[in-house]
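Shown next, in structure tokens, is the structure this report addresses.
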Amino acid sequence: MRQRAATLGTGASTHISTFHSLCVRILHQYAAKAGINPNFSIYNESDQVKCAIQAVKDCELDTANFSPRRCLAAISTLKNKLIDVDTFKADADDFFSKTLAGIYARYQHILSEQNALDFDDLLMKAAVLLRNCPDVCCELGNRFKFLLIDEYQDTNRAQYEIAKAIVSAHNNICVTGDPDQSIYRWRGADIRNILAFEEDWPDATVVKLEENFRSTANILETADELISFNQNRKEKKLVPTKPCGKDVIVEVYEDELEEARAVGRQVRELTGKGVSLNDIAVFYRVNSMSRVLEEAFIQDKIPYQIVRGTEFYNRKEIRDLLAYLKILVNPDNEIALLRIINTPARGIGKTTIDRVRSYAALHNITFFDGLKNVERIESLSKAPKGKIASFVNMIEGFKKDIAGKVAPLAERVFNESGLAEFLKQDQNALENANELINAAAQYDEQAEQPSLLDYLQQISLFSDVDAYDASSGRLALMTLHAAKGLEFENVFIIGAEDGLLPHERSNTDEGGDELEEERRLFFVGITRTKVGLHISYARYRTIRGQMLRTIPSRFLYELGTDFAKSTPVIAAQVGIHCSALASVDRDSGTVPYFIAGQLVRHEKFGLGRVKEFNDVGERSSVVVTFNTGQTRTLMVKYANLSKV
DNA sequence: CATAGCCGCCTTTTT
DNA sequence: GGCGGCTATG
């Protein structure tokens, strides 16, 4: 999760961290108490899938009936709720639950054999550790005197318990969040955490941040209108402090290509007027929509940056090089080991590997130990034995350099493993590998005490979202999810079509909860905008290689979009009138006119809200509750109040 | 054992 | 439309 837990330690040093990296630190420090090996690897999604496939097969089930991904999703949900294998097993009463319990158990067994934790384990193991060890809670509470959690609406059960445990000694906790911006329910975020905060910490002061200092009044009204369609929510109104600005524009295009080009054209128009590319962003529902934008922007020579999960670290050559480094720290990381044992090709094929594996299984040792004992494996002939021995030798040789800086080791591994030679005709791959080594060098510079283990654990949690550079001078492209917490002067939200936004996969539940989450997602996108908001859809869109006729998003209807004006290329305006603007018209009399609820600014008293307005012409008075807490009755004529 | 080519699978969002 | 894994072939 991206919400960060910032903690103010003693001596005014502030630690800013995500929950996940905090957990890694805790688990590393208290590994013995958590019952884990501190050199653990962190398995990402593709590693998880491999383990899940193995788990399903080990349970003698068909992966067609028990889709590893589905099983993983179910296991993830359980872990986020802190339900461990034994608890789940005990409660499993139907066939499916019992089977899943078996897969869950096997999956955990495989992970622990490989000394690996998945993302959910990081949270769960830390939460369980804190639950079982009051002394650890106490130490952490002493170290972190104050805990501040941003985006609290997106915390899950495990994170809630971790937070609660850390502050148990002092109760110094501050959280911020907005239930209307909860967009991670699908990965276990529990909205009850924020709704029940006042019950969990009864002494807490609640500060309602109702005024919005970011967006123009009409953007907020658009957002308000949309979110009001959610049934399952606490009524709340966004209060603008800025006046109405540019109209919210809904545009329709023939297809995604035209849409992309039009966005490019409008971006150019903006930059032509002196707007910086730093102040413009394009949001979309799914990552695959970035491709056509990229092509258009390259053609238009518009510099852009894609803010996406883990693009760089997903490249083959990077994963290969990292796999070498991973097994130096954790030789039990079988996934990494299998990845590189024959990459580049060194004559260790499938048959050889299978023989070592069955030897290892028979003698109850790890795969790597099997490799080390290759001489004793009778099923292998001389040639493969020699090849394995020299591979093991090479790895053991690298291990001698494991202490200290990462970059020199990475470079050595890259060259001596044969990867460099293997990739020499692929310029791109070479550059990427060099970039990784450079990044490692940067890590070496920054880290207090660089270590390969720490480096690997850090980059496992790294996502390009964290690396978003707000002053890069490049147009930002990102998913609506990635947009959370950011803001831009100008925003383009593309692909407002049924099936995309809301996404078709959100159409499965009975209660419409998933649809409401999609609506919140759109709401998040809209409220990132300070001034210029463009929403667009295309009449045809290519999906999985198929050009399909689209249906405008139902959310556009909810916004009151005037589709009659939505002719291709020509913009249609969202049919929302601006009430703040309307009230200005009534000011034509002798003194300004106010309505209750209006936000005003006073030269001396600052910002306040109109409580009452006595409309008696020249001598009209207004009762204002100021943000200082004072309530004052003022003569409108003399008060010189300005509406905000 | 290596390589190429084919088939089938998935395909939302992310730490 | 992309990737991984499987198979057939050298």
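Computed from a predicted model, the values in this text were never measured in an experiment. Worth knowing before you read on, the calculation uses all heavy atoms, side chains too, and leaves out hydrogens, waters and symmetry mates.
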Identify whether a stacking contact exists between A:W186 and B:dT13, where the ring centres must be under 5.5 Å apart and the planes under 30° apart.
yes

Stacking check A:H20 vs B:dT15 (5.5 Å / 30 deg)
no

For A:R285 and for A:A345, locate the closest nucleotide of DNA chain B by heavy-atom distance; then report the residue assigned to the nucleotide nearer the 5' terminus.
A:A345

Of A:E518 and A:G347, whose nearest nucleotide on DNA chain B comes first from the 5' end?
A:G347

Could you check how far [atom1] of [X] sits from [atom2] of [N], rounded to whole Å?
X	N	atom1	atom2	value
A:I306	B:dT14	CD1	P	12 Å
A:D120	B:dT15	CG	P	13 Å
A:L123	B:dT14	CG	C1'	12 Å
A:R157	B:dT15	CZ	C1'	20 Å
A:Q159	B:dT15	CD	C1'	9 Å
A:K350	C:dC6	NZ	P	8 Å
A:F66	B:dC9	CZ	C1'	19 Å
A:I353	B:dC1	CD1	P	9 Å

Salt bridge or not between A:E518 and A:R285? Use side-chain N to carboxylate O under 4.0 Å.
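Salt bridge present between A:E518 and A:R285.
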
Verify the contact: side-chain N or O of [X] to OP1 or OP2 of [N], cut-off strictly under 4.0 Å; return yes or no.
X	N	answer
A:N44	B:dT14	no
A:S288	B:dT11	no
A:N287	B:dT11	no

Is [X] reaching over with its side chain to a backbone N or O of [Y], donor-acceptor style, under 3.5 angstrom?
X	Y	answer
A:N193	A:T155	yes
A:T352	A:P384	no
A:D320	A:T343	no
A:S460	A:L456	yes

Under 4.0 Å, counting only non-hydrogen atoms across every strand here, what does A:T351 touch: a base, just sugar-phosphate, or nothing?
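Sugar-phosphate, no base atom in range.
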
Any idea which of [options] is nearest the [X] side chain?
X	options	result
A:K316	B:dT15, C:dG4, B:dT11	C:dG4
A:R505	B:dT15, B:dT11, B:dT14	B:dT11
A:N342	B:dA2, C:dG4, B:dT14	B:dA2
A:V286	B:dT12, B:dT15, B:dT11	B:dT12
A:T352	B:dC1, B:dT14, B:dT15	B:dC1

For A:K50 and A:R291, take the nucleotide of DNA chain C holding the closest heavy atom to each; which residue's nucleotide lies nearer the 5' end?
A:R291

Do A:Q114 and A:Y43 pair up side chain to side chain, a donor and an acceptor below 3.5 Å, judged on atom types alone?
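The answer is yes; a qualifying pair exists.
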
